[in-house]
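Here is the structure we will look at, set down as structure tokens.
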2 protein chains.
Amino acid sequence: MAITIKDVAKLSNVAPSTVSRVIANSPRISEKTKIKVRAAMDELGYHPNFIARSLANQSTRVIGLVLPNSTDVFFQNPFFPTVLRGLSDGANERQYALQISTGKTDEEIYEGVIQMVQGGRVDGVILLYSRIEDKVLNYLRDRKFPFVVIGKPFKDVELITYVDNDNYLASKEATNYLLSLGHKQIGFIGGDLNFVVTIERILGFEKALREAGIQSEDDYIIHSEFLREGGQEAIGKLINLKNPPTALVVADDLMALGVLNTLLEMNISVPEDISILSFNNVLFSELSQPPLTSVDINIFELGYQASKKLIQLLENPNEPVKRIIVPHQLVKRFSCSETK
Amino acid sequence: MAITIKDVAKLSNVAPSTVSRVIANSPRISEKTKIKVRAAMDELGYHPNFIARSLANQSTRVIGLVLPNSTDVFFQNPFFPTVLRGLSDGANERQYALQISTGKTDEEIYEGVIQMVQGGRVDGVILLYSRIEDKVLNYLRDRKFPFVVIGKPFKDVELITYVDNDNYLASKEATNYLLSLGHKQIGFIGGDLNFVVTIERILGFEKALREAGIQSEDDYIIHSEFLREGGQEAIGKLINLKNPPTALVVADDLMALGVLNTLLEMNISVPEDISILSFNNVLFSELSQPPLTSVDINIFELGYQASKKLIQLLENPNEPVKRIIVPHQLVKRFSCSETK
DNA sequence: TTGTACGCGTTATCAT
DNA sequence: ATGATAACGCGTACAA
């Protein structure tokens with residue numbers, strides 16, 4: 001059995017409650033006894049028991065993280081380690097711990113969240129993704145359990161606190177950049193349409209084309225999980241159109257890598273034959289051949305702001321619902337060039 | 001306040017202790033009351049409180065994960081999401097939760113672990129890396145706190161339970177493969193020498209050369225964090241040797257990507273001019289140009305076995321110390337070819 | 001300024 | 001087969 005508050009109390013000749021107050025650094029305790037008690041704590045090597053504290057407090061100082069389906073390719077995205085860094089920094093600053101929950105099926109994930117929440121394991125939850133119809137989100141909202149979403153919620157946008165980029169604008173700007181290079185036939189390769197981010201990016205893309213007076217063609221838009229089979233064929237179709245696009249907006253760096261590879265196998269050069277612009281700017285986007293021009297969405301900051309905001313929500317009972325928009329920035333490398 | 005065991009007791013006209021027994025599915029409770037009590041639990045939507053249970057049990061059913069320094073490039077390695085999947089699967093199977101701890105400095109990480117352990121937040125710990133001198137490992141060992149290491153411990157190998165590949169053998173085999181292709185001048189590019197895995201791989205490499213009767217040259221061995229500045233120069237030096245290597249063993253796929261890139265900028269073709277073989281076989285090793293020949297180390301399994309083993313350690317007081325070796329396999333793609 | 005006593009939600013021991 | 005009661009370690013209202 002470990003050292004408890006009682007042991008410290010005995011050694012320093014005070015009541016347990018006094019020790020408790022010293023831990024909380026209550027102003028109602030004299031400096032003298034504080035010193036005395038702290039000496040005893042040091043001598044015994046006392047460490048407060050979080051579990052007991054949680055029970056007494058009705059608060060755990062633990063944040064639950066909900067990751068997407070671990071069997072998704074998406075799960076392997078370097079996005080996660082990076083956002084985790086941000087989350088961790090934000091949490092550590094205020095002495096919160098992080099508990100993660102994921103699963104092989106949506107049902108497993110949902111069950112995991114229920115365990116965390118109903119079991120009282122966590123004070124609040126951060127969703128690391130945003131999907132169109134999300135059982136987990138609905139559950140948390142209905143229960144009025146504190147949570148923050150990374151990404152834009154699909155509905156009830158005004159009722160949910162979230163941290164996101166302006167993906168619509170980012171995609172519009174990215175597309176405009178390609179337009180400014182003279183491209184008129186621009187394709188879009190997106191991921192799973194169940195993720196809100198995909199939708200936002202495609203809308204921004206289409207908006208830019210419309211503003212430029214260009215009719216967007218359905219043939220130019222592809223959705224698929226690129227790192228799986230099928231991605232290559234899709235690209236093949238696109239390239240074999242009578243009027244193939246001269247540039248592609250790709251919704252994610254990892255997908256862009258796949259596209260790059262497929263194009264290379266087809267002997268199509270980037271950016272000479274076709275330009276590629278993608279999103280996220282993860283570590284290896286500069287390690288591809290050619291290095292990718294990519295929209296940096298500041299992944300670390302997404303995580304950092306999310307945990308910071310959730311903690312505010314937890315500690316301030318009437319903290320208002322709020323959205324936090326993290327800035328993005330186009331990083332130009334060598335995968336885009338002017339049309340000939 | 002949530003529904004407690006007492007509410008259920010009242011509704012079903014039994015004592016709280018009876019409800020507790022029903023939850024534990026004690027054989028000493030009649031089927032009749034079990035049914036009655038379960039009905040009451042359903043009606044009220046009761047969920048057991050993990051915190052209270054932990055306090056009473058002196059056991060949390062939470063596993064602490066210690067990640068490496070989050071500012072390391074290493075942290076961004078797709079290794080982590082993958083190993084996390086395995087850890088998570090193993091933990092979920094036995095209803096354990098996962099808590100993560102990381103930090104920006106070694107000191108921060110160490111403090112985090114102390115919080116987890118002394119604070120009673122976790123029952124056991126898994127180290128997701130293995131370094132030469134590790135404060136955290138020493139701390140856990142000295143305290144006799146249950147833990148498992150992913151990777152081979154640097155010392156006290158017989159006293160520590162760990163899950164690892166046979167990296168020595170893997171590296172030896174990999175090098176032999178290059179030798180079998182006719183290469184005689186083979187270089188090694190490793191990462192941080194503080195990681196035991198780096199050491200094992202370099203030793204296996206050297207052993208293979210020795211067995212082939214080839215003198216290993218110091219000039220052929222490079223250590224650096226490749227994705228940082230400096231990596232390029234190091235490669236440059238290697239290539240500009242009078243007798244440059246015709247093949248390279250690279251300790252990690254991510255590094256290999258960097259190497260590939262540098263070589264391309266120097267107009268050196270892989271595998272025509274130089275062969276490259278790397279380790280880990282993460283998702284994008286097949287997305288590089290050319291796709292990497294890489295040693296698959298079964299990252300998922302490393303994680304899965306680690307959490308499984310730790311749980312055994314926790315639930316079985318005299319579970320023996322053991323090492324678990326996960327098999328590896330050379331995956332041949334297109335970054336290695338015969339010497340001309 | 002400090003001590004006493006109770007509660008947080010469970011499990012476990014000891015009765016019955 | 002079930003109930004009463006005491007822990008588990010800490011926080012806090014109330015008393016002193």
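Letters A, B, ... are given to chains in the order of the sequence lines, protein chains preceding strands, and every chain is numbered from 1.
Remark: Asp134(A) engages Arg131(A) in a salt bridge, criterion side-chain N to carboxylate O under 4.0 Å. Classification of Asp142(B) and Lys135(B) as a salt-bridged pair fails, no side-chain N sitting under 4.0 Å from a carboxylate O.
Under 4.0 angstrom from either OP1 or OP2 of dA7(D) there lies no side-chain N or O belonging to Gln58(B).
Applying the side chain to side chain donor-acceptor pair (under 3.5 Å) test to residues at least two apart or on different chains, the pairs with a partner in residues 35-52 of chain B are Asn25(B)-Arg38(B). Pairs passing the salt bridge (charged side-chain N to carboxylate O under 4.0 Å, His left out) check and including a residue from residues 49-62 of chain A, sequence neighbours excluded, read Arg61(A)-Glu315(A).
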Would you list the atom pairs, donor with acceptor, under 3.5 Å between side chains in residues 11-19 of chain A and any protein atom, with sequence neighbours excluded?
residue: Ser12(A); atom: OG; partner: Val8(A); partner atom: O; Å: 2.5

Exercise answer: donor-acceptor pairs, residues 144-156 of chain B side-chain atoms, under 3.5 Å, sequence neighbours excluded:
residue: Lys152(B); atom: NZ; partner: Glu200(B); partner atom: OE2; Å: 3.4
residue: Asp156(B); atom: OD2; partner: Arg141(B); partner atom: NE; Å: 3.1

Result block: side-chain N/O donor-acceptor pairs under 3.5 angstrom for residues 318-326 of chain A, not counting sequence neighbours:
residue: Glu319(A); atom: OE1; partner: Asn316(A); partner atom: ND2; Å: 3.2
residue: Glu319(A); atom: OE2; partner: Lys309(A); partner atom: NZ; Å: 2.9

What side-chain donor-acceptor pairs closer than 3.5 Å can you find for residues 108-117 of chain A, not counting sequence neighbours?
residue: Glu108(A); atom: OE2; partner: Lys104(A); partner atom: N; Å: 3.3

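Nucleic acid contact class of Asn13(B) (heavy atoms, under 4.0 Å, all strands): sugar-phosphate only.
Summarising the geometry, the separation between CE on Met41(B) and C1' on dT10(C) is reported as 14 Å, rounded to the nearest angstrom. Between the CZ atom of Arg28(B) and the C1' atom of dA12(C) there is a distance of 10 Å, given to the nearest Å. If you take NZ of Lys6(B) and C1' of dG3(D), they are 15 Å apart, rounded to a whole angstrom. Look at NZ on Lys10(A): it is 13 Å from P on dC10(D), rounded to the nearest Å.
Distance check, rounded to the nearest 0.5 Å: OG1 of Thr161(B) to CG of Leu159(B) gives 9.5 Å. Here the straight-line distance linking atom CG of Leu67(B) with atom CG of Leu84(B) works out to 8.0 Å at 0.5 Å rounding.
Listed in residue order, the members of residues 46-54 of chain A having a heavy atom less than 4.0 Å from DNA chain D are Tyr46(A), Pro48(A), Asn49(A), Ala52(A), Arg53(A). A heavy-atom distance below 4.0 Å to DNA chain C is reached by none of the residues of residues 29-37 of chain B. Residues from residues 16-27 of chain A lying near DNA chain D, meaning a heavy-atom separation below 4.0 Å, are Ser17(A), Ser20(A), Arg21(A) in numerical order.
Positionally, the nearest nucleotide of DNA chain D for Ala15(B) lies more toward the 5' end than for the other of Ala15(B) and Leu55(B).
With hydrogens and angles left out, the side-chain atoms of Tyr96(A) and Asp123(A) include no donor and acceptor closer than 3.5 Å.
Applying the side chain to side chain contact (heavy atoms under 4.5 Å, CB included) rule to Ser54(A) yields the partners Thr60(A), Ile51(B); only residues at least two apart in sequence or on another chain are considered. By the side chain to side chain contact (heavy atoms under 4.5 Å, CB included) test, Ser88(A) is found to be paired with Asn92(A), Leu98(A), Thr102(B), residues two or more places apart in sequence or in another chain being considered.
For the helix from dT1(C)-dA16(D) to dT16(C)-dA1(D), the end axes, each set by the C1' atoms of five terminal pairs, are bent relative to each other by 40° (nearest 10°).
Here dT11(C) is the nucleotide among dT11(C), dG9(D), dC14(C) with the atom lying nearest to any side-chain atom of Ile5(B).
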